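No hydrogens, no waters, no symmetry mates; every other heavy atom, side chains included, goes into these values. These numbers come from a predicted model, not from an experiment.
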Amino acid sequence: DKIFERVDDSGGFRFELEHDILAAFATSVQRLTWSVSVKANYLLSLYSPELDVIEFTDIPQRFIASADDALRQAFYIQLEQDVIQATAETSGNDNINFTVSIKIHDLCDYYATQSDYSKAIEIFTQVACHADDFLQLVKWAIAAKDVTVALQFLAQARETDTYHKFTKECLALEAEVARLHGDPEAAIALQWQAYAHSLVLDDYIQLHVQIAKTYQHSDTDSNNELVAAKKAWQDKTLLFWDDILATLPTERAGPHRLITAEPFVELCLYLGLVERAIELAKHYPIDRDVLYQVAAISGKYAPEQTFDLYRRLILIWLKTAKSADYKKIINLLLELQGLLPDLPVLPPPDNVERAFDFFINEIAYEFAQKRQLQTMIKRHFVV
């Protein structure tokens with residue numbers, strides 16, 4: 001604690017030092033040969049240490065060894081008693097202090113790992129006040145298969161989500177509640193709304209999961225229904241994206257005000273619409289990681305586009321590259337060079353080999369100030 005008062009943190013060194021010291025300290029505590037009760041009480045004292053700088057977090061995870069079941073049991077018994085006493089003393093008012101709140105969070109996490117969701121809900125309700133708190137309660141209510149309680153906390157999550165930061169999470173959890181309530185069609189529709197709000201591929205994948213749970217059985221008719229349902233929601237989603245891209249970015253509402261098209265490109269790649277993904281990549285700015293996925297797959301589906309896609313990708317890396325990125329650029333160039341024999345010949349008088357040589361010399365000229373990069377290029381290519 002005294003060391004940290006004197007550390008020059010201008011370079012961010014304190015965070016690494018703090019991580020190392022706390023890890024060593026936790027290991028040292030685990031090695032102590034104290035009795036279980038003494039060690040449990042010591043760990044509880046770490047919730048309110050008399051220190052000026054250090055505050056301990058994740059105390060049970062840090063300080064209790066994975067195989068030390070006796071200490072874990074003693075610790076949580078004592079923690080439960082502390083929480084019950086503290087909440088009894090503050091009953092009827094909102095004066096639960098920060099330390100007690102952290103204890104409640106740790107205790108409820110433990111209840112959840114033991115599948116004792118009703119206890120977790122009962123205790124955590126006393127400190128829940130933000131939207132993410134109520135969303136956690138919804139998750140536990142769903143795990144406990146209590147639809148009524150889940151809907152109650154969903155309503156509170158929406159009410160406290162003043163800036164609509166958790167709309168997608170609310171919709172996704174409402175979909176789970178609908179399925180739990182025996183309404184799979186509503187669950188699918190809600191999950192699609194969650195995707196339409198977030199535009200995150202994982203949410204669309206979850207839509208497919210919801211559809212599969214509803215329609216996939218062993219008989220042929222059910223499999224046909226599954227295919228038809230996926231096709232219907234795919235068509236709806238593609239029309240949704242067509243509408244977005246047909247609208248000027250300045251006129252798009254809320255989360256649809258995109259400056260790039262990579263969410264749609266990712267979706268097309270997931271759905272196997274590779275040609276469309278390649279076409280989108282040609283006409284819209286996309287993230288370099290997604291552009292790489294398109295470039296790498298274009299050799300099979302649109303080899304006439306491969307050279308231009310790699311060239312664009314490498315130039316993006318070059319314009320933003322630091323020395324740590326130079327190896328990535330060299331690897332991309334080598335990858336493109338390896339693809340050249342399989343790419344179609346460009347219109348005369350050029351071919352892909354000449355185009356590649358010209359590109360290498362263009363890099364050498366345009367980025368001459370990146371001397372370390374130039375050295376690496378000369379090591380692998382003729383300039």
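- Pairs passing the salt bridge (charged side-chain N to carboxylate O under 4.0 Å, His left out) check and including a residue from residues 358-371, sequence neighbours excluded, read Arg311-Glu362.
- A salt bridge does not link Arg158 to Glu169: none of the charged nitrogens lies less than 4.0 Å from a carboxylate oxygen.
- Taking the side chain as every heavy atom from C-beta outward, Gln206 and Tyr195 never approach each other to under 4.5 Å.
- A salt bridge is defined here as a Lys NZ or Arg NE, NH1 or NH2 lying under 4.0 Å from an Asp or Glu carboxylate O, and Arg72 with Asp69 meets this definition.
- Taking the six-membered ring wherever Trp is involved, the centroid distance between the rings of Trp192 and Phe240 falls below 6.0 Å.
- In this view, Arg276 and Asp242 satisfy the salt bridge (charged side-chain N to carboxylate O under 4.0 Å, His left out) rule, not counting sequence neighbours.
- Residues His130 and Thr160 have side chains not in contact (no heavy-atom distance under 4.5 Å, counting atoms from C-beta outward).
- No side-chain heavy atom of Asp133 sits under 4.5 Å from any side-chain heavy atom of Leu137.
- Aromatic rings of Phe166 and Phe134 (six-membered ring for Trp) have centroids beyond the 6.0 Å cut-off, not under it.
- Taking the ring centroids of Phe63 and Phe25, they lie under the 6.0 Å cut-off.
- Criterion: ILVMFWY side-chain heavy atoms under 4.5 Å apart, direct or through other members. Under it, Val29 and Ile54 are part of a common hydrophobic cluster.
- Ring to ring, Phe381 and Phe356 are close: their centroids are under 6.0 angstrom apart.
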Exercise. Could you check Phe153 against Trp140 for ring pair (Phe, Tyr, Trp, His ring centres under 6.0 Å), going step by step and ending with a plain yes or no?
Key: CA-CA 10 Å; Phe153 289 129; Trp140 288 336; 9.5 Å; no
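- In this structure, the side chains of Trp241 and Leu199 come closer than 4.5 Å at one or more pairs of heavy atoms.
- Apart from Leu171 itself, the hydrophobic cluster it occupies contains Leu190, where clustering links Ile, Leu, Val, Met, Phe, Trp and Tyr at side-chain heavy-atom distances under 4.5 Å.
- Contacts classified as ring-ring contact (aromatic ring centres under 6.0 Å, His included) and involving residues 265-284 (residues at least two apart or in different chains) are given here: His208-Tyr270.
- Look at Arg288 and Glu262 and you find no salt bridge, because none of the NZ, NE, NH1 or NH2 atoms lies under 4.0 Å from a carboxylate O.
- Identified under the salt bridge (charged side-chain N to carboxylate O under 4.0 Å, His left out) test for residues 231-241, with sequence neighbours left out: Lys231-Asp235.
- In this structure, Leu226 and Lys230 have side chains that are in contact, with non-hydrogen atoms separated by less than 4.5 Å.
- Inter-residue side-chain proximity for Asp308 and Arg312 is flagged as unmet; no heavy-atom pair is nearer than 4.5 Å.
- When the ring pair (Phe, Tyr, Trp, His ring centres under 6.0 Å) test is applied to Phe367, no partner is found at least two apart in sequence or on another chain.
- By the 4.5 Å heavy-atom criterion applied to side chains, Val227 and Tyr215 are not counted as neighbours.
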